[in-house]
Amino acid sequence: MAGYFVSIEGVEGVGKSSNHAFVCDFFRKQGFDVVATREPGGTPEAEKIRGVLLDASNKLEPLTEALLMFASRCEHVRTVIEPALAAGKVVVTDRFVDASYAYQGGARKLGSAVIGQLDEMVVGVTQPDLTLLLDLDVEAGMARLDKRGERDRIELERKEFFSAARKAYLHRAKRYPERFRVIDAAADLHAVQSSIKAVLDSLTISC
Ligand code: Z5A
């Protein structure tokens with residue numbers, strides 16, 4: 001496709017949201033037309049599915065959770081991401097399909113084969129060109145969230161759950177080194193953004 005696709009990943013409290021804004025600003029300053037988006041969500045219908053997924057009063061089977069993640073992703077990919085890439089835009093998403101491998105495949109133990117089938121059906125070739133994986137010790141991330149207050153359904157999980165998600169993320173980063181860049185998210189925000197900028201400065205994008 002004509003555009004450029006960036007995803008930002010990591011477990012809780014790594015600073016995805018803070019750095020998502022930084023990455024979008026970087027591309028805008030370079031003159032690119034940027035679509036800033038997120039998962040689960042990114043379209044009005046997908047945001048409704050997000051509501052079901054994060055509502056702490058809901059109890060969901062792991063496979064139901066995975067199917068809802070991919071249902072929301074299907075809306076997002078078909079109606080937002082693919083048209084934007086076809087129009088030559090830069091798409092920057094706060095989480096994408098690697099989150100399903102980490103959380104549903106790893107932490108919920110559905111395994112990567114199940115997620116791989118859904119990935120092929122829903123995402124197919126629309127994979128990110130670049131994935132910034134913000135990596136941080138799980139306890140440090142949870143401590144940052146404690147300061148923020150109320151937790152959603154998934155944030156209520158325990159340390160072992162997030163450790164499994166982190167492990168699955170790092171496994172994917174090793175498996176796909178051509179698109180993953182692992183950023184040390186333990187430093188202060190300014191230092192983390194310097195590391196991200198170094199990665200972005202090294203890109204050659206023509207769209
Ligand atoms: N999920 C899934 O299971 N499967 C999937 O396929 C997808 C998602 C797509 C919602 O995602 C949940 O969906 C998420 C995974 C699951 N579950 N959980 N738990 P989300 O991305 O919307 O929610 P989140 O992961 O909780 O993200 P967040 O709330 O945006 O947190 P964050 O990414 O860490 O962002 P932050 O708000 O920028 O940072 C957190 C705090 O740390 C904040 O107070 C910052 O000021 C502070 N911060 C940030 N950086 C620093 C540094 N460097 N130093 C110190 N403090 C910092």
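Sequential numbering from 1 along the given sequence is applied to the chain's residues. Note that ligands are numbered from 1 as they come in the structure, with each ligand's atoms numbered from 1 the same way.
Counting atoms of ligand 1 from 1 in the listed order, those under 4.0 Å from a heavy atom of Ala99 are 4 (N), 5 (C), 6 (O), 7 (C), 9 (C). Taking a cut-off of under 4.0 Å to the non-hydrogen atoms of Arg50, the atoms of ligand 1 that pass are 22 (O). Near Leu189, meaning under 4.0 Å from one of its heavy atoms, ligand 1 places the atoms 50 (N), 52 (C), 53 (N). Distances below 4.0 Å separate heavy atoms of Ser100 from the following atoms of ligand 1: 5 (C), 6 (O). Close approach of ligand 1 to Gly15 (heavy-atom distance below 4.0 Å) involves ligand atoms 32 (P), 33 (O), 34 (O), 35 (O), 36 (P), 38 (O), 39 (O), 49 (C), 50 (N). Every atom of ligand 1 with a heavy atom of Gly13 under 4.0 Å away is listed here by number and element: 34 (O). Ligand 1 places these atoms under 4.0 Å from at least one heavy atom of Ser18: 36 (P), 38 (O), 49 (C).
The CZ atom of Arg166 lies 9.0 Å from the CG atom of Leu133; values are rounded to the nearest 0.5 Å. Remark: Glu75 CD to Glu39 CD distance equals 11.5 Å, nearest 0.5 Å. Summarising the geometry, atom SG belonging to Cys74 is positioned 12.0 Å from atom CD belonging to Glu45; distances are rounded to the nearest 0.5 Å. Rounding to the nearest 0.5 Å gives a distance of 7.0 Å between CD1 of Ile8 and CG of Leu134. Taking OG1 from Thr64 and NZ from Lys59, the interatomic distance works out to 14.0 Å, rounded to the nearest 0.5 Å.
Of all the heavy atoms of Glu157, none lies under 4.0 Å from any atom of ligand 1, so neither backbone nor side chain is involved. With a heavy-atom cut-off of 4.0 Å, Asn19 does not touch ligand 1 at all. By the criterion of a heavy-atom distance under 4.0 Å, the side chain of Arg95, and not its backbone, is placed next to ligand 1.
Among protein heavy atoms, the minimum distance from atom 1 (N) of ligand 1 is reached at Met69 CE, 3.4 Å. Of the protein's non-hydrogen atoms, Ala187 O, 2.9 Å is the one closest to atom 53 (N) of ligand 1. When only non-hydrogen protein atoms are considered, atom 32 (P) of ligand 1 lies nearest to Lys16 N, 3.5 Å. When only non-hydrogen protein atoms are considered, atom 55 (C) of ligand 1 lies nearest to Arg144 NE, 3.5 Å. The protein atom (non-hydrogen) at minimum distance from atom 4 (N) of ligand 1 is Gln104 OE1, 2.9 Å. If you check which protein heavy atom lies closest to atom 29 (O) of ligand 1, you get Arg148 NH2, 2.7 Å. Nearest protein heavy-atom neighbour of atom 26 (O) of ligand 1: Glu155 OE2, 2.6 Å. Closest protein heavy atom to atom 16 (C) of ligand 1: Ile154 CD1, 3.7 Å.
Taking 4.0 Å as the cut-off, Glu65 does not count as a neighbour of ligand 1 on heavy-atom distance. Judged by the shortest distance from any of its heavy atoms, Arg108 lies outside the 4.0 Å radius around the atoms of ligand 1.
Each of Val199, Asp135, Leu136 was compared with Ile183 under the side-chain contact (heavy atoms from CB on, under 4.5 Å) criterion, and only Val199 meets it.
Classification of Lys159 and Glu12 as a salt-bridged pair fails, no side-chain N sitting under 4.0 Å from a carboxylate O. Look at Asp129 and Arg179 and you find no salt bridge, because none of the NZ, NE, NH1 or NH2 atoms lies under 4.0 Å from a carboxylate O. Under the 4.0 Å criterion applied to side-chain N and carboxylate O atoms, Glu9 and Lys16 are not assigned as salt-bridge partners.
For the pair Arg73 and Phe70, the cation sits on the ring face: its NZ or CZ lies under 6.0 Å from the ring centre, inside 45° of the axis.
No side-chain donor-acceptor contact under 3.5 Å links Gln104 to the backbone of Ile115. No donor-acceptor distance shorter than 3.5 angstrom exists from the side chain of Asn19 to the backbone of Phe22, with no hydrogens or angles considered.
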Task: Working for salt bridge (Lys or Arg N to Asp or Glu O under 4.0 Å), residues Glu157 and Arg108 - done: CA-CA 11 Å; Glu157 290 292 343; Arg108 295 277 190 234; 2.8 Å; yes
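Here the shortest heavy-atom distance to atom 13 (O) of ligand 1, taken over Pro40, Ala102, Ser17, belongs to Pro40.
Considering backbone and side-chain atoms alike, Glu12 places an N or O below 3.5 Å from some N or O of ligand 1. Polar contact check, Val14 against ligand 1: a nitrogen or oxygen pair lies under 3.5 Å apart.
Shown here, atom 21 (O) of ligand 1 is in close reach of the protein: a heavy atom of it lies under 4.0 Å off. Atom 7 (C) of ligand 1 is flagged as protein-proximal [any protein heavy atom, distance under 4.0 Å].
Separation of the Phe5 and Phe96 ring centroids falls under the 6.0 Å cut-off.
Around CD of Glu120, the count of heavy atoms belonging to other residues, nucleotides or ligands within 6.0 Å does not exceed 12.
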